[in-house]
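In what follows, a single structure is set out as structure tokens and then discussed.
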Protein chains: 2
Amino acid sequence: MNKTEIINTLKKYCLKVTPQRIAVLDAAITLKNHPTADNIAEYIKSNDPNIATGTVYKILETFVDKGIIKKVQTESDIMRYDAVQEKHHHLYCSDSERIEDLYDDDLNMILDDYFRKKRIPNFKIEDIKLQIIGRFTDNSKSK
Amino acid sequence: MNKTEIINTLKKYCLKVTPQRIAVLDAAITLKNHPTADNIAEYIKSNDPNIATGTVYKILETFVDKGIIKKVQTESDIMRYDAVQEKHHHLYCSDSERIEDLYDDDLNMILDDYFRKKRIPNFKIEDIKLQIIGRFTDNSKSK
DNA sequence: ATTGCTGCAAACTCTTTGCAAGTTC
DNA sequence: GAACTTGCAAAGAGTTTGCAGCAAT
């Protein structure tokens, strides 16, 4: 996503286009490893001039409210964010903070099928995400 | 789980049997709605005499380390706990903090089958949990 | 007796808030 | 110019820590 696309995204969601919002969205997209607010603030500060930490939090909250980014569910009290729009699941490492994406349309279809036939009592499903816990067997240390 | 069973659980995990640990495990089991540390502390204080809040946190951490209870993944910075041992999934309400359990062995078998045939590259699965997001259509306000 | 656990309060970390000054449309 | 956004610093919330005293084995 280039700068023009970022600006158009902001406009699409009726948000005023400010340098801070452009920087936060750019960072959230660039930092693919489900960054924390702090990761995003650090990234911006290392490239650009400056941004207040409180502003990063406010912008992230705005983006989540609008659905531009999503919060990632974790067992940690530090919030992590995800700018990927396509439906996907998450692979969680059982002994590190690493989280990777899993795209699998076959799986999505199987799940949709299953729950179309077998409804959950008193519950209307809107979305299904898998948390797949395990170990990565490559050597990457990306988190 | 009665008191004797709670004591035996603690012994099984080589933990000294203290009134505080008994109270925390009892509370975690009794409070079925994925309680927070604070829920647990409140519950104990309302029945029993006293327990320090720091102690509750330390005991919960010990239990999680031993695998006696689990942390529940949420999008909130407040940690929630789950004392249910049997494999299950979670139903998340998309507009409240309510989380309910879903037991479904058919589903588990389908998933196991699927990933037995279709491995994920560079990843060894240890556990799969579904986060099912949606709306409850009953009238309960339990969270 | 030894080892480990609890209580307490202070410290920490991440996040939120309030408001004046500055930007965007 | 009206409405919204940012920066800053202080406050808030949940959680962790250190250590002396106490309890379990």
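Here is the naming used below: chain letters follow the sequence lines, and residue numbers restart at 1 for every chain.
OP1 or OP2 of D:dG14 has not a single side-chain nitrogen or oxygen of B:Thr36 nearer than 4.0 Å. OP1 and OP2 of D:dG7 both lie 4.0 Å or more from every side-chain N or O belonging to A:Thr53. Between A:Gln20 and D:dG7, a side-chain N or O to OP1/OP2 separation shorter than 4.0 Å is present.
Distance from the side chain of B:Asp77 is smallest for C:dT15 among the nucleotides D:dA24, D:dT6, C:dT15. Among the nucleotides D:dG14, C:dT6, D:dT5, the one closest to the side chain of B:Ile78 is D:dG14.
Atom-to-atom, CG of B:Asn50 to C1' of C:dA9 comes out at 15 Å; the value is rounded to the nearest Å. One can place CD1 of A:Ile44 at 14 Å from C1' of D:dG7, the figure rounded to the nearest angstrom. Atom CZ in B:Arg21 sits roughly 10 Å away from atom P in D:dT25 (whole-Å rounding). For the pair B:Glu61 CD and D:dT17 C1', the interatomic distance rounds to 11 Å; values are reported in whole Å. For B:Lys71 and D:dT15, the NZ to C1' distance is 10 Å, given to the nearest whole Å. Taking atom CD1 of residue A:Ile59 and atom C1' of nucleotide C:dT16, one finds them 15 Å apart after rounding to whole Å. The distance from atom CD1 of A:Ile51 to atom P of D:dC8 is 11 Å, rounded to the nearest whole Å. Nucleotide C:dC14 holds its P atom 14 Å from the CE atom of B:Met79, rounded to whole Å.
Nearest-nucleotide positions on DNA chain D place A:Cys14 closer to the 5' end than the other of A:Cys14 and B:Tyr81. With DNA chain C read from its 5' end, the first of the two nearest nucleotides for B:Lys16 and B:Thr55 is the one closest to B:Lys16. Along DNA chain D, the nucleotide nearest B:Lys11 and the nucleotide nearest B:Tyr57 are compared for position; the residue whose nucleotide lies closer to the 5' end is B:Tyr57. Toward the 5′ end of DNA chain C lies the nearest nucleotide of A:Ala37, the other residue of the pair A:Ala37 and A:Lys58 mapping further downstream.
Ion pairing of B:Asp127 with B:Lys70 is absent here, as no side-chain N (NZ or NE/NH1/NH2) approaches a carboxylate O to less than 4.0 Å. A salt bridge links A:Asp95 to A:Arg135: one of the charged nitrogens lies within less than 4.0 Å of a carboxylate oxygen.
The shortest heavy-atom contact between A:Phe136 and A:Tyr92 is CE1-C, 4.5 Å.
Classification of the B:His90-B:His34 ring pair by plane angle, with boundaries at 30° and 60°, yields perpendicular.
Under the 4.5 Å side-chain heavy-atom criterion for ILVMFWY residues, a single connected hydrophobic cluster contains both B:Ile7 and B:Ile68.
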